[in-house]
Trainee: 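Sharing a structure with you now.
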Amino acid sequence: MFNFCFIHNYENNTLMGEMLGYSIKKIYPIHKIITIIGKNQKKIPYSDISETYNFSKSSIMYDIIYCQLEIVKKYGPTLFLDADMLLLQDIDEFVEINKHDMSVTIRSESTLKVKLHEDHKKKYPKLFNKTFGEVMPYNAGIYFCKEKYVLEFMLNSFKKMPKEYFSWYGDQIALDMLNKNKKFNIKIFDNNKYNFTPKTIDEDISNKYILHFKGRRRNLLIPYFKKIFS
């Protein structure tokens with residue numbers, strides 16, 4: 001059996017984590033949901049285990065991988081999710097990966113060709129004018145870790161990064177570094193099935209397993225929750 005885990009560092013607002021927890025328990029009622037919450041965060045409804053961590057804005061990406069590593073050490077194989085997601089169907093295929101150490105989702109073909117924003121020229125000069133496919137083809141919003149050493153590698157990868165990646169992008173760059181390292185067996189799944197971001201409320205989601213309300217699409221999270229779970 002595996003665990004579910006997500007980080008929820010939103011102080012007194014627990015609604016997003018509550019909706020994700022509810023969607024998980026509808027499909028996996030006996031699996032444990034572990035939440036990693038900020039120092040002043042209220043406990044998230046539907047979570048079975050709560051771990052507290054004092055996150056820093058200047059190292060939030062590093063802190064996330066550090067916490068995930070501690071979870072796998074303590075509780076075993078775990079599916080890590082962003083809090084702005086909803087589970088729609090069982091994801092057994094994603095976690096039953098046999099000889100593989102980890103499973104991830106690759107970005108859609110169209111996104112892989114997109115260049116990162118012009119703002120990166122100053123803060124992230126090494127990323128400027130690069131496509132997502134070149135620097136971070138895998139989205140860190142969901143991955144399954146069967147073995148702790150994949151997270152140990154990702155955490156150590158930060159030693160090779162400029163400090164600015166500790167606060168943003170570091171987790172996804174570490175994920176790419178992990179996949180390029182031939183020591184690990186990583187199973188890659190379709191983004192459109194296990195990490196799908198709808199653009200409108202009326203999209204066909206019948207063949208989707210996990211919805212991810214990234215960025216400006218987060219305003220669709222509550223409408224979709226109401227639509228799916230009434």
Side-chain angles (χ1 to χ4, degrees), residues 6-7 9 16 55-66 68 80-86 94 102-145 150-151 153-184 186-205 207-221 223-224:
F6 59 90
I7 290 170
N9 187 28
M16 186 160 58
F55 293 98
S56 168
K57 287 184 179 179
S58 63
S59 61
I60 184 69
M61 295 297 114
Y62 178 90
D63 293 348
I64 287 171
I65 307 300
Y66 175 85
Q68 291 175 340
F80 293 103
L81 302 158
D82 278 357
D84 54 356
M85 289 181 148
L86 291 176
F94 198 82
M102 188 183 199
S103 54
V104 301
T105 60
I106 191 166
R107 298 182 192 275
S108 64
E109 283 292 328
S110 57
T111 304
L112 289 172
K113 298 173 185 176
V114 172
K115 288 187 177 182
L116 276 77
H117 199 273
E118 180 105 6
D119 291 349
H120 292 74
K121 187 173 184 178
K122 185 175 181 181
K123 190 170 182 181
Y124 305 100
K126 290 185 178 179
L127 301 183
F128 177 65
N129 217 27
K130 298 282 185 67
T131 65
F132 278 98
E134 290 176 293
V135 292
M136 50 184 95
Y138 310 100
N139 181 265
I142 173 174
Y143 45 73
F144 174 64
C145 289
V150 293
L151 290 168
F153 178 91
M154 287 177 68
L155 195 66
N156 286 329
S157 297
F158 278 83
K159 296 176 182 177
K160 302 175 183 178
M161 298 182 202
K163 284 295 182 182
E164 55 264 30
Y165 296 115
F166 281 57
S167 61
W168 200 246
Y169 289 139
D171 58 339
Q172 304 196 86
I173 291 172
L175 199 57
D176 184 43
M177 293 169 71
L178 174 75
N179 194 61
K180 286 176 178 175
N181 190 295
K182 302 304 180 184
K183 294 179 181 177
F184 307 102
I186 312 298
K187 191 159 188 179
I188 300 169
F189 286 90
D190 182 7
N191 183 83
N192 284 320
K193 185 176 181 180
Y194 288 105
N195 197 351
F196 179 71
T197 300
K199 295 181 177 63
T200 63
I201 188 60
D202 55 358
E203 290 190 44
D204 178 12
I205 56 170
N207 65 340
K208 310 303 181 188
Y209 285 64
I210 295 176
L211 301 183
H212 189 182
F213 299 90
K214 301 190 295 288
R216 60 181 177 173
R217 307 300 180 192
R218 192 170 288 181
N219 67 315
L220 293 174
L221 177 53
Y224 262 99

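Source: prediction; values computed, not measured. The analysis underlying the following values was restricted to heavy atoms, covering all of them including side chains, and did not include hydrogens, waters or symmetry mates.
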Trainee: Taking all non-hydrogen atoms of both residues into account, name the closest pair between Ile201 and Pro223 and its distance.
Mentor: CD1-CB, 3.6 Å
Trainee: Which heavy atom of Tyr169 sits nearest to which heavy atom of Met136, and what is that distance?
Mentor: CD2-CE, 3.4 Å
Trainee: Please report the interatomic distance CG(Leu151) to CG(Leu155), rounded to the nearest 0.5 Å.
Mentor: 8.5 Å
Trainee: So how far is it from Lys126 NZ to Glu164 CD, rounded to the nearest 0.5 Å?
Mentor: 8.5 Å
Trainee: Which residues satisfy the salt bridge (charged side-chain N to carboxylate O under 4.0 Å, His left out) test with Lys180, sequence neighbours excluded?
Mentor: Asp176
Trainee: Would you please name every residue forming a salt bridge (charged side-chain N to carboxylate O under 4.0 Å, His left out) with Arg218, sequence neighbours left out?
Mentor: Asp84
Trainee: Determine the minimum heavy-atom distance between Asp82 and Ala140, stating which atoms define it.
Mentor: OD1-O, 4.2 Å
Trainee: Quick one: are Met102 and Cys145 in side-chain contact, heavy atoms under 4.5 Å?
Mentor: yes
Trainee: For Glu134, which residues count as a side-chain contact (heavy atoms from CB on, under 4.5 Å) partner, sequence neighbours excluded?
Mentor: Lys130, Thr131
Trainee: Just to verify, what does Phe128 make a ring pair (Phe, Tyr, Trp, His ring centres under 6.0 Å) with, not counting sequence neighbours?
Mentor: none
Trainee: Quick one: pull up CG in Leu86 and NZ in Lys208 and give me the separation to the nearest 0.5 Å.
Mentor: 15.0 Å
Trainee: By ring pair (Phe, Tyr, Trp, His ring centres under 6.0 Å), which residues pair with Phe213, not counting sequence neighbours?
Mentor: Tyr224
Trainee: Any chance you could lay out the side chain to side chain contact (heavy atoms under 4.5 Å, CB included) test for Leu116 and Tyr124, step after step, and finish with the verdict?
Mentor: CA-CA 10 Å; Leu116 276 77; Tyr124 305 100; over 6 Å; no
Trainee: Looking at Leu81 and Ile142, what are the two nearest heavy atoms and their distance?
Mentor: CD2-CD1, 3.7 Å
Trainee: Once side chain to side chain donor-acceptor pair (under 3.5 Å) is applied, do any residues pair with Lys193, and if so which ones, sequence neighbours excluded?
Mentor: Glu93
Trainee: Does Tyr209 have any side chain to side chain donor-acceptor pair (under 3.5 Å) partners at least two apart in sequence or in another chain, and if so, which?
Mentor: none
Trainee: Verify side chain to side chain contact (heavy atoms under 4.5 Å, CB included) between Ser157 and Ile173, making sure each step is shown before the conclusion.
Mentor: CA-CA 9 Å; Ser157 297; Ile173 291 172; over 6 Å; no
Trainee: Please determine which of Phe144, Phe94, Tyr143 meets the side-chain contact (heavy atoms from CB on, under 4.5 Å) test together with Tyr194.
Mentor: Phe94
Trainee: Met177 and Met161: side chain to side chain contact (heavy atoms under 4.5 Å, CB included), yes or no, with the steps?
Mentor: CA-CA 11 Å; Met177 293 169 71; Met161 298 182 202; 4.1 Å; yes
Trainee: Please list, chain by chain and in numerical order, all residues satisfying side chain to side chain donor-acceptor pair (under 3.5 Å) with Ser167, sequence neighbours excluded.
Mentor: none
Trainee: Shortest non-hydrogen contact from Thr111 to Phe132?
Mentor: O-CB, 3.6 Å
Trainee: Taking ring pair (Phe, Tyr, Trp, His ring centres under 6.0 Å) as the definition, give me every residue that meets it alongside Phe166, ordered by chain and number, with sequence neighbours left out.
Mentor: Tyr62, Phe158
Trainee: Dump the intermediate steps for side chain to side chain contact (heavy atoms under 4.5 Å, CB included) on Phe6 and Met85, then the final yes or no.
Mentor: CA-CA 10 Å; Phe6 59 90; Met85 289 181 148; over 6 Å; no
Trainee: Tell me every residue that passes side-chain contact (heavy atoms from CB on, under 4.5 Å) with Lys159, counting only those two or more places apart in sequence or in another chain.
Mentor: Asn156
Trainee: Nearest 0.5 Å, what's the CD1-CD1 distance between Ile60 and Ile65?
Mentor: 10.5 Å
Trainee: I need the minimum non-hydrogen distance between Met154 and Asp171, along with the two atoms involved.
Mentor: CE-O, 3.7 Å
Trainee: What distance separates Trp168 CH2 from Lys57 NZ, expressed to the nearest 0.5 Å?
Mentor: 12.5 Å
Trainee: Within this structure, what is the CG-OG distance for the pair Asn192 and Ser110, rounded to the nearest 0.5 Å?
Mentor: 8.0 Å
Trainee: For Lys214, which residues count as a side-chain contact (heavy atoms from CB on, under 4.5 Å) partner, sequence neighbours excluded?
Mentor: Asn139, Thr197, His212
Trainee: Please enumerate all residues that pass side-chain contact (heavy atoms from CB on, under 4.5 Å) together with Ile188, with sequence neighbours excluded.
Mentor: Val104, Ile106, Tyr138, Asn179
